[in-house]
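Sequence positions, counted from 1, serve as the residue numbers for this chain.
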Amino acid sequence: MKTTVKKWGINGEGIAFHEGKPVFIENAIPDEVIEFDIKSDEGTYLVGELTRLVEQSSKRRYPLCPIWKECGGCALMHVKYPAQCKMKEGNLKETLIKYADYSGRILPILKNPEPLSYRNSCKLPFGEEYGELYTGMYERDTNHFQKMERCYVHSKLLEQTRQEVLKIMNEHHLKMYDDKKKTGYRTLVMKEFDSKIQIIFVTGKEDISEELIHDVTQLEGVVSIWQSVKTETKREVFGDMRFIWGEEKMHLQLEDIQLSLLPRSFFQLNTKQSVNLYNVVKDWMPRSKTTVEAYSGIGAISLFVKDKAEEIIGVESIQDAVDNANENAMLNHADNVSFICEDAGSALAHLVQEKEVDTLIVDPPRSGLDDIMKETILKSKIKTMIYVSCNPATLAKDLGVLKKEYRIVKIQPVDMFSQTPHVESVTLLVRNDDYKPRRRFDDKKDGDFKPRRRFDDDKPRRRFDDRKDGDYKPRRRFNDDKPRRRFDDDKPRRDGDYKPRRRFDDDRRSKRFTDDKPNRRYGK
């Protein structure tokens with residue numbers, strides 16, 4: 001079947017229409033004319049498969065990665081970067097209209113300074129082929145494991161080290177995890193900050209050989225090695241953590257903030273863009289008495305805004321992250337910043353009763369705010385709220401609830417994950433009772449309206465120089481004493497050498513056409 005793609009889907013697919021139903025077609029771009037087959041009918045929508053590209057969009061480009069379709073990690077690898085950003089802005093706008101009935105101010109997206117080679121970490125399961133280990137990813141919605149030769153969104157040092165680690169492991173003839181024997185290598189986890197790399201081998205119950213450790217430590221940039229022993233089938237990547245070699249924690253510098261990270265601690269996958277995102281939060285946050293950051297992780301945002309509040313309390317449900325965050329507060333001499341381990345909604349309910357919380361920062365997981373958190377926010381007297389989101393759908397649904405008591409002032413999208421359809425955003429909300437729109441006129445004093453003065457009857461606008469009584473001096477156009485000289489009769493040119501401006505010169509007539517040299521536009 002032949003059709004024209006009309007719009008983007010939230011996962012980067014193109015959407016066309018067939019017999020009144022939307023058809024979601026992977027790898028199709030809006031305005032393209034394509035041929036497609038219907039793969040499945042899901043009731044309210046259809047899933048299609050692109051079979052032939054009839055008319056290509058100018059937004060399409062040649063994808064660098066040869067397995068981008070199979071891998072599924074970079075669903076927009078075939079789209080030019082400016083079009084990726086437009087797609088994310090458009091999807092955010094449509095989602096907010098649909099779920100929050102919001103069509104207000106959305107600022108232009110903060111673009112990624114490095115659309116490729118930006119990702120600072122990876123968690124890749126091991127596979128085995130012809131007796132050799134390799135890393136890869138499972139294709140989306142399948143159990144098919146795709147081998148990865150090279151990843152174009154990993155940082156260059158991270159990707160180079162990943163390939164060298166695999167080479168060393170195969171030199172030692174290591175095997176992938178065997179669920180029956182509970183031995184072997186399951187997952188390779190790597191993090192890179194400030195050109196330093198931490199490696200975590202997720203394995204079965206065996207020990208890592210000293211020979212392997214020695215060879216890996218010789219790689220440039222490797223400063224830390226951990227082992228995580230996991231024999232359960234849970235989705236959680238990590239098991240029992242064992243420190244092997246080097247530095248126990250990773251250290252990174254974000255402007256004037258120093259952070260240390262334990263192996264289990266999460267940090268944004270794009271280091272440079274995370275700084276830009278945190279600075280948006282810092283710029284939008286008002287001077288506060290008590291600020292609460294919910295879902296605070298290792299405390300990066302709280303430390304970025306530490307000078308904007310008398311007291312900052314971070315709330316996180318993972319104890320390792322809380323311990324890490326309190327250490328970071330001490331590392332940065334932030335005596336007014338502390339972190340507690342508790343459920344975010346329950347903790348906020350207690351804090352708003354005990355303290356005068358005037359600013360709330362939330363950075364929830366993709367699932368958004370839970371019901372307890374939203375109910376607590378609506379009942380509180382918190383004046384300002386800053387919502388950092390990684391999922392436009394849950395953001396919009398949460399804003400649809402919060403707008404009962406809060407006004408959405410502005411939203412800043414941030415492109416953290418180029419080549420993918422995901423977009424981060426920062427939203428500023430102000431409680432309705434405390435919202436004060438930007439003042440256009442001077443109404444500071446009751447009734448004292450003073451428009452900008454254009455004319456003042458007491459002091460007329462001066463057009464001429466009347467500083468001295470009677471000394472009226474208009475701008476001189478002609479001076480009778482010194483008439484404007486067009487021709488100089490007092491000092492004539494040399495004998496008869498008067499040369500008026502030449503309009504036509506018989507001696508040098510216009511050479512647009514000559515008999516000797518015909519016009520070359522039409523000449524032979």
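In the model, S40 has a side-chain atom that pairs as donor or acceptor with a side-chain atom of E42 under 3.5 Å. At a cut-off of 3.5 Å, with distance as the only test, no side-chain donor of D343 or S317 sits close to an acceptor on the other residue. For the 3.5 Å distance criterion, the side chains of N270 and E114 fail to qualify, holding no donor opposite an acceptor. For the residue pair D178 / T183, no side-chain donor-acceptor distance below 3.5 Å is found, with atom types taken as modelled.
The only member of V423, V414, L92 that meets side-chain contact (heavy atoms from CB on, under 4.5 Å) when paired with I109 is V423. Just one residue in the list V337, L261, L303 forms a side-chain contact (heavy atoms from CB on, under 4.5 Å) with N328, and that residue is L303. Just one residue in the list E129, E70, E132, E139 forms a salt bridge (charged side-chain N to carboxylate O under 4.0 Å, His left out) with K147, and that residue is E129.
Under the 4.5 Å side-chain criterion, counting only non-hydrogen atoms from C-beta, F243 is not in contact with Q227.
Using a cut-off of 4.0 Å between Lys/Arg side-chain N and Asp/Glu carboxylate O, D240 and R242 are scored as salt-bridged. Using a 4.0 Å cut-off between a side-chain N of Lys or Arg and a carboxylate O of Asp or Glu, E159 and R150 do not qualify as a salt bridge.
For residues 250-276, every residue pair satisfying the ring-ring contact (aromatic ring centres under 6.0 Å, His included) rule, not counting sequence neighbours, is listed here: F193-F267.
In terms of heavy-atom proximity, C85 sits nearest to K111 at SG-CG, 3.8 Å.
Within a 6.0 Å radius of NZ in K196, no more than 12 heavy atoms belonging to other residues, nucleotides or ligands are found. Residue K272 places its NZ atom among 12 or fewer non-hydrogen atoms of other residues, nucleotides or ligands, all under 6.0 Å distant.
Between the side chain of K230 and the backbone N or O of E236 there is at least one donor-acceptor pair closer than 3.5 Å. In this structure a side-chain-to-backbone donor-acceptor pair under 3.5 Å is present from Q84 to V79.
Annotation: Y134 is in aromatic contact with F145 [ring centroid separation under 6.0 Å].
Under the 30°/60° scheme for interplanar angles, the aromatic rings of F36 and H18 are found to stand perpendicular.
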